[in-house]
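These notes concern the structure reproduced below.
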Amino acid sequence: MKSWLLLIAAFLLWPGCSSQNVCEEPDDIAFGEIVTTEKAKYLENDQVQYRCYPGYVLEGPEWIQCKGQQWIPHPPKCLAPCSITRQQLATKNLFVFGSQRKSRFIQSNHSLQFQCSEGYVLVAPSVRKFVDGYMDLPLCISERGKNCSAPPRIENGDITTLSEKQYRSGSSVEFRCQRYYAMEGQNRSFCNNGTWTKVPICLDPCMIPRAELETQKIEVKEDSQELALNLHNVITLDGLHCLQSVKKMLNLVRHYPGFHMAWLPVNIKQYITMVIFWKFSVISHLHFMDQKS
């Protein structure tokens, strides 16, 4: 019996069978390669290095490491370049800024400034960024096209430019949203040969019923039935809808009697410092009630 125990102990202690954190082979990446020497086995703390093929741009870590039987961080990605031909520019009546019209190769995350041929108006922005093989070339509108009638109206928004009976092709009007509404899209629409380009949308603010505030032990220093917050330009917590995010923030706050603004992290603090209004009247402040009261 004793000899059997010694045999088992020797087997477990044999170096070839020792338990180590071993990682599987690192993943290959499209349009790139691993430049470190390939191994039969990757052990704890081993590293590998990536690089992209010429013209491609590395997005992510150049090095990854074997930690706890997995590679940390995740492997990078190689972003594809873009190409513009002379024919593409000519078809769209475009030049690269400086009156250049020639084929070119542009790496991802690089930008170019464009201008239109004489007699054409460029729809802003004139500077365009190229990302992972995708490019969105600007539109050039002929000034010799058909006139447009009155531009379309937008809900909860207004046109700020002077009204005209007819609008020449290439001319534009500017929009703005009413107070507390957030604009989605470009603030200008252009007359393009008798048709207006896409107009913006004014997004509604988020409404918070007074009952919801009372449920969360928050007292509003004004006699109003509900509040509204314009959160469309703020990244919501956990990607939730803006009203859900506000409710989440209120739920967090109510657990801290005597709460002070400075104690909150920045992303939550933004929600409290947003403009809070009712019937276009700014409410000066909220009073956070002690739960014991």
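Predicted, not measured: the structure shown is a model, and the values here were computed from it.
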Do Ile64 and Ile72 come close enough that some side-chain heavy atom pair is under 4.5 Å?
-> no
Where do Cys82 and Gly133 come nearest, in terms of heavy atoms and distance?
-> SG-C, 3.3 Å
To the nearest 0.5 Å, what is the distance between CG (Asn147) and OH (Tyr167)?
-> 11.5 Å
With sequence neighbours left out, the residues meeting side chain to side chain contact (heavy atoms under 4.5 Å, CB included) with Gln87 are Thr85, Thr91
Does anything in residues 21-49 pair up under ring pair (Phe, Tyr, Trp, His ring centres under 6.0 Å), and if so which pairs, sequence neighbours excluded?
-> Phe31-Tyr56, Tyr42-Trp71
Between Ser172 and Arg188, does any side-chain donor sit less than 3.5 Å from a side-chain acceptor?
-> yes
In terms of heavy-atom contacts, Thr197 and Ser189 come closest through O-OG, 2.7 Å
CA sep, side-chain torsions, deciding dist, call: Glu33, Arg51, side chain to side chain contact (heavy atoms under 4.5 Å, CB included) = CA-CA 6 Å; Glu33 60 187 350; Arg51 72 178 172 198; 2.9 Å; yes
How long is the gap from CG on Leu137 to NZ on Lys92, to the nearest 0.5 Å?
-> 6.0 Å
Mind checking whether Asp158 and Gln178 have side chains closer than 4.5 Å, heavy atoms only?
-> yes
Trace of the side chain to side chain contact (heavy atoms under 4.5 Å, CB included) decision for Phe175 with Thr160 | CA-CA 6 Å; Phe175 294 89; Thr160 60; over 6 Å; no
Take Leu139 and Asn192 through the side chain to side chain contact (heavy atoms under 4.5 Å, CB included) test and state the conclusion after the steps.
-> CA-CA 10 Å; Leu139 174 67; Asn192 183 12; 4.0 Å; yes
Pro200 versus Ile154, closest heavy-atom pair with distance | O-CG2, 3.5 Å
Quick note, disulfide bond (SG atoms under 2.5 Å apart) partners involving residues 24-77, not counting sequence neighbours, are Cys23-Cys66, Cys52-Cys78
Check: Gln65 side chain, Asn45 main-chain N or O, donor-acceptor pair, under 3.5 Å = yes
Report, as yes or no, whether the 6.0 Å neighbourhood of atom CD on Gln47 holds more than 12 heavy atoms from other residues, nucleotides or ligands.
-> yes
Looking only at heavy atoms, what is the nearest atom pair of Ile29 and Pro75, with distance?
-> CG2-CB, 4.1 Å
Flag the pair Arg168 and Glu143 as a salt bridge only when some basic side-chain nitrogen lies within less than 4.0 angstrom of an acidic carboxylate oxygen.
-> no
Can Thr36 and Trp63 be said to form a side chain to side chain contact (heavy atoms under 4.5 Å, CB included), step by step?
-> CA-CA 10 Å; Thr36 44; Trp63 291 85; 3.9 Å; yes
Can you check whether Gln186 reaches Lys198 side chain to side chain, under 4.5 Å on heavy atoms?
-> no
If you look only at distance, which donor and acceptor atoms sit under 3.5 Å apart when one is on a side chain in residues 102-113 and the other is two or more places apart or in another chain?
unit_1 : atom_1 : unit_2 : atom_2 : d
Ser103 : OG     : Arg86  : N      : 3.0
Arg104 : NH2    : Gln100 : OE1    : 2.8
Ser108 : OG     : Asp132 : N      : 2.8
His110 : ND1    : Ser108 : O      : 3.3

With sequence neighbours excluded, give me every disulfide bond (SG atoms under 2.5 Å apart) pair touching residues 162-197.
-> Cys148-Cys191, Cys177-Cys202
So, for Met135 and Ile84, which heavy atoms are closest and what is the spacing to 0.1 Å?
-> SD-CG1, 3.6 Å
Taken to the nearest 0.5 Å, the spacing of Lys67 NZ from Asp46 CG works out to 10.5 Å
Compare all side-chain heavy atoms of Trp196 with those of Pro152 and state whether any distance is below 4.5 angstrom.
-> yes
For the student: nearest non-hydrogen atoms of Pro26 and Tyr50, plus distance = CB-OH, 3.7 Å
Let me check something: any side-chain donor-acceptor pairs from residues 115-130 under 3.5 Å, sequence neighbours excluded? List them with distances.
unit_1 : atom_1 : unit_2 : atom_2 : d
Gln115 : OE1    : Gly98  : N      : 3.1
Ser117 : OG     : Asn93  : O      : 3.3
Ser117 : OG     : Arg101 : NH2    : 3.1
Arg128 : NE     : Pro125 : O      : 2.7
Arg128 : NH1    : Asp136 : O      : 2.9
Arg128 : NH1    : Asp136 : OD2    : 3.4
Arg128 : NH2    : Val123 : O      : 3.4
Arg128 : NH2    : Pro125 : O      : 3.1

